[in-house]
Amino acid sequence: MTREMGAALRRIQLGSALSAFGLGFTVPYLYVYVAQVRDLGAGTAGVVLAAFAMAALAVLPFTGRAIDRRGPLPVLVVASVLASVGAAALGFASSVPAAVLAAAVLGAGTAVMQPALATMLVWCSSTATRTRAFAMQFFLQNLGLGLGGLVGGQLVDVDRPASFTMLFLIEAAMFVVLGVVVTTVRMPRTASLGGARPSDGAAAKGGGLRALLSHRAMVQLCVLGFVLFFACYGQFESGLAAYGTEAAGIQPSTLGFALAANTAVIVVAQFVVLRLVERRRRSRVIAAVGLIWAFAWIVAGYAGLGHGSQTMATAAFISTYALFGLGEAMLSPTVAPLVADLAPESMVGQYNSAFALCKQLALAVGPAVGGPMGASLHGPYIVTFVLFSLGITVLALRLGRRLTPVQDQPSLAALPSRVVAVSLPEGADGATPVKNTAAAPAPASAGH
């Protein structure tokens with residue numbers, strides 16, 4: 001990695017961490033804020049959360065093409081401004097229309113940030129450094145979310161709406177800081193992505209949804225991503241929480257400890273796990289995550305159905321969240337870099353946006369399915385998600401057969417280039433490995 005690439009990565013990571021810190025101030029308290037502090041009711045709070053999610057689903061299909069035509073930097077700046085406006089407006093929203101509209105603006109802005117940041121990380125890294133770059137981003141985002149939630153919890157007071165307004169204004173300020181920080185980044189023109197950096201929008205015209213759907217490895221990865229997020233993140237604050245309180249008798253306050261255990265495992269284990277997985281096949285690592293999560297769901301089954309003491313049930317329930325955190329730490333240096341390594345040079349943004357869309361769909365469907373099951377169908381709920389977790393293992397192993405050796409195990413790369421071996425969409429017959437043996441040109445600076 002050149003000094004220029006390293007400096008760019010550090011600034012991108014800093015901005016990403018600060019925006020996560022801002023999100024942490026409000027995410028745990030959004031439902032309470034709308035339903036109780038603004039006294040708009042539980043039904044309105046549900047609509048506000050749905051508007052947040054639906055806005056993300058609405059903008060993501062258009063985000064990738066914008067990134068590939070204009071570059072990730074201007075798209076990220078616009079998204080940060082949009083998210084800042086939405087957060088500030090939500091802090092002052094006292095009516096149903098105002099709260100719903102503000103949540104939609106906030107949801108759209110934060111959704112666009114994800115693929116834009118991911119594409120910037122791709123442009124500023126190579127095959128050899130990308131795994132560690134995405135692991136660092138995941139680590140800093142979780143640390144920022146955790147610290148934001150901790151600090152925000154000390155500031156809020158349900159009897160003082162102004163305390164919540166302050167939290168939303170802090171969140172808005174952090175989004176502005178993200179936009180300012182990334183504008184200082186000098187994006188390097190690396191050998192690996194020289195052709196991916198659009199100058200006039202022409203580079204992305206040859207791509208599109210048809211090309212992406214013809215790329216079977218990417219389609220399989222999107223299906224796998226949906227199952228991953230459905231079986232884990234889509235259950236954290238809905239099905240698993242309902243199951244814990246109803247079946248295991250967990251106190252609501254214990255849910256906070258469980259989420260803290262999840263974050264703590266990620267923060268503590270991330271770089272230990274990274275050293276273990278970065279020289280192993282990505283498909284095997286993802287398959288191992290499926291097995292770990294299947295065991296996590298079995299432990300959750302014991303917590304609610306094992307007829308043990310309340311202490312044992314509580315310990316088992318917290319352990320479930322900790323095991324999920326271990327799997328998340330294994331996925332962060334694996335899945336996101338794989339999306340980038342599968343993407344043709346002119347479609348990096350579209351591939352990142354397509355994967356983000358699958359994630360958002362899982363986060364929307366997961367609570368709708370898991371919430372009612374976790375609250376009333378305790379045994380079937382556990383069995384269902386044990387099977388989904390085992391499905392992750394099967395899907396990961398099947399995906400591995402479609403990847404080139406370097407895509408599956410980047411440590412095999414002989415050249416400091418992302419395009420050592422990349423599978424490109426070729427109609428219905430799937431992907432064909434193509435090798436790049438061209439000499440790498442010297443990197444040059446290109447400011448935005």
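All residue numbers refer to positions in the sequence shown, counting from 1.
Interatomic distance, CG of Leu395 versus CZ of Phe226, reported as 12.0 Å (0.5 Å rounding). Note: Leu228 CG to Cys358 SG = 11.0 Å, rounded to the nearest 0.5 Å. The line from NE2 of His378 to CE of Met373 is 10.5 Å long, rounded to the nearest 0.5 Å. Atom CG of Leu140 and atom OG of Ser19 lie 10.5 Å apart (nearest 0.5 Å). From Leu76, atom CG reaches atom OG1 of Thr63 across 11.5 Å, with rounding to the nearest 0.5 Å. Put simply, SG on Cys232 and CG on Leu323 are 11.0 Å apart, with the number rounded to the nearest 0.5 Å.
Across all non-hydrogen atoms, the minimal contact from Gln360 to Leu60 is CB-CD1, 4.1 Å. Across every non-hydrogen atom of Ala248 and Ala313, the tightest pair is O-CB, 4.1 Å. In terms of heavy atoms, Ser332 sits closest to Ala135 at OG-CA, 4.1 Å. Between Tyr351 and Leu342, the closest heavy-atom pair is CE2-O, 3.8 Å. Considering every non-hydrogen atom in both Ala45 and Ala35, the closest pair reads CB-CB, 4.0 Å. The two residues Ala83 and Leu106 come nearest to each other via the heavy atoms O-CD1, 3.5 Å.
The closest side-chain heavy-atom distance from Met218 to Val339 is below 4.5 Å. Contact of the Phe324 side chain with the Trp297 side chain is registered, since non-hydrogen atoms from C-beta on lie closer than 4.5 Å. The closest side-chain heavy-atom distance from Glu171 to Leu167 is not below 4.5 Å. Leu145 has its side chain out of reach of Thr263: every pair of non-hydrogen atoms, C-beta onward, lies at least 4.5 Å apart. Tyr243 is not listed as a side-chain neighbour of Thr320, based on a closest heavy-atom distance of 4.5 Å or more. Counting heavy atoms from C-beta outward, Gln141 and Ser16 have side chains that approach closer than 4.5 Å. Between Ser80 and Val176 there is no side-chain heavy-atom pair separated by less than 4.5 Å. At least one side-chain heavy atom of Leu178 sits less than 4.5 Å from a side-chain heavy atom of Met113.
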Problem set entry | Trace of the side-chain contact (heavy atoms from CB on, under 4.5 Å) decision for Phe164 with Arg38 | CA-CA 10 Å; Phe164 284 84; Arg38 292 299 181 185; over 6 Å; no
Problem set entry | Derivation of the side-chain contact (heavy atoms from CB on, under 4.5 Å) call for Ile292 and Met330 | CA-CA 10 Å; Ile292 291 172; Met330 295 169 66; 3.5 Å; yes
Exercise. Yes or no on side-chain hydrogen bond (donor to acceptor under 3.5 Å, both in side chains) for Asn352 and Gln114, after CA distance, side-chain angles and deciding distance?
Worked result: CA-CA 8 Å; Asn352 279 321; Gln114 299 175 38; over 6 Å; no
For this session: Could you go through the side-chain contact (heavy atoms from CB on, under 4.5 Å) check for Met174 and Val177 one step at a time?
Result: CA-CA 5 Å; Met174 290 298 101; Val177 170; 4.3 Å; yes
Problem set entry | Leu169 vs Phe92, side-chain contact (heavy atoms from CB on, under 4.5 Å): CA-CA, chis, key distance, verdict | CA-CA 9 Å; Leu169 290 177; Phe92 292 99; 3.9 Å; yes
For this session: Carefully, step by step, assess Gln407 and Asp341 under the rule side-chain hydrogen bond (donor to acceptor under 3.5 Å, both in side chains).
Result: CA-CA 6 Å; Gln407 288 170 346; Asp341 289 345; over 6 Å; no
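In this structure, Gln137 contributes its side chain and Ile12 its backbone to no donor-acceptor pair below 3.5 Å. Side chain of Gln409 to main chain of Arg279: a donor-acceptor pair is present (N/O by atom type, distance under 3.5 Å, no hydrogens or angles). Between the Arg11 side chain and the Thr184 main chain, a donor and an acceptor come within less than 3.5 Å of each other. Listed for the Gln235 side chain is a donor-acceptor partner under 3.5 Å among the backbone atoms of Gly366. Side-chain atoms of Arg130 do not come within 3.5 Å of backbone N or O of Pro337 as any donor-acceptor pair. Formation of a donor-acceptor pair under 3.5 Å by the Gln270 side chain with backbone atoms of Phe138 is not found in this model.
Checked against Val277 for a side chain to side chain contact (heavy atoms under 4.5 Å, CB included), the options Val285, Thr131, Ile286, Leu331 give a single hit: Val285. Considering Phe25, Phe175, Tyr33 in turn, Tyr33 is the only one that fulfils the ring-ring contact (aromatic ring centres under 6.0 Å, His included) rule with Phe168. Each of Phe295, Trp293, Phe230 was compared with Phe385 under the ring-ring contact (aromatic ring centres under 6.0 Å, His included) criterion, and only Phe230 meets it.
Heavy-atom contacts from other residues, nucleotides or ligands closer than 6.0 Å to CE of Met54 number 12 or fewer.
With respect to Asp408 and Arg281, a salt bridge is recorded, a charged nitrogen being found less than 4.0 Å from a carboxylate O.
The aromatic rings of Phe355 and Phe229 sit perpendicular to each other, their planes meeting at more than 60°, with 30° as the lower class boundary.
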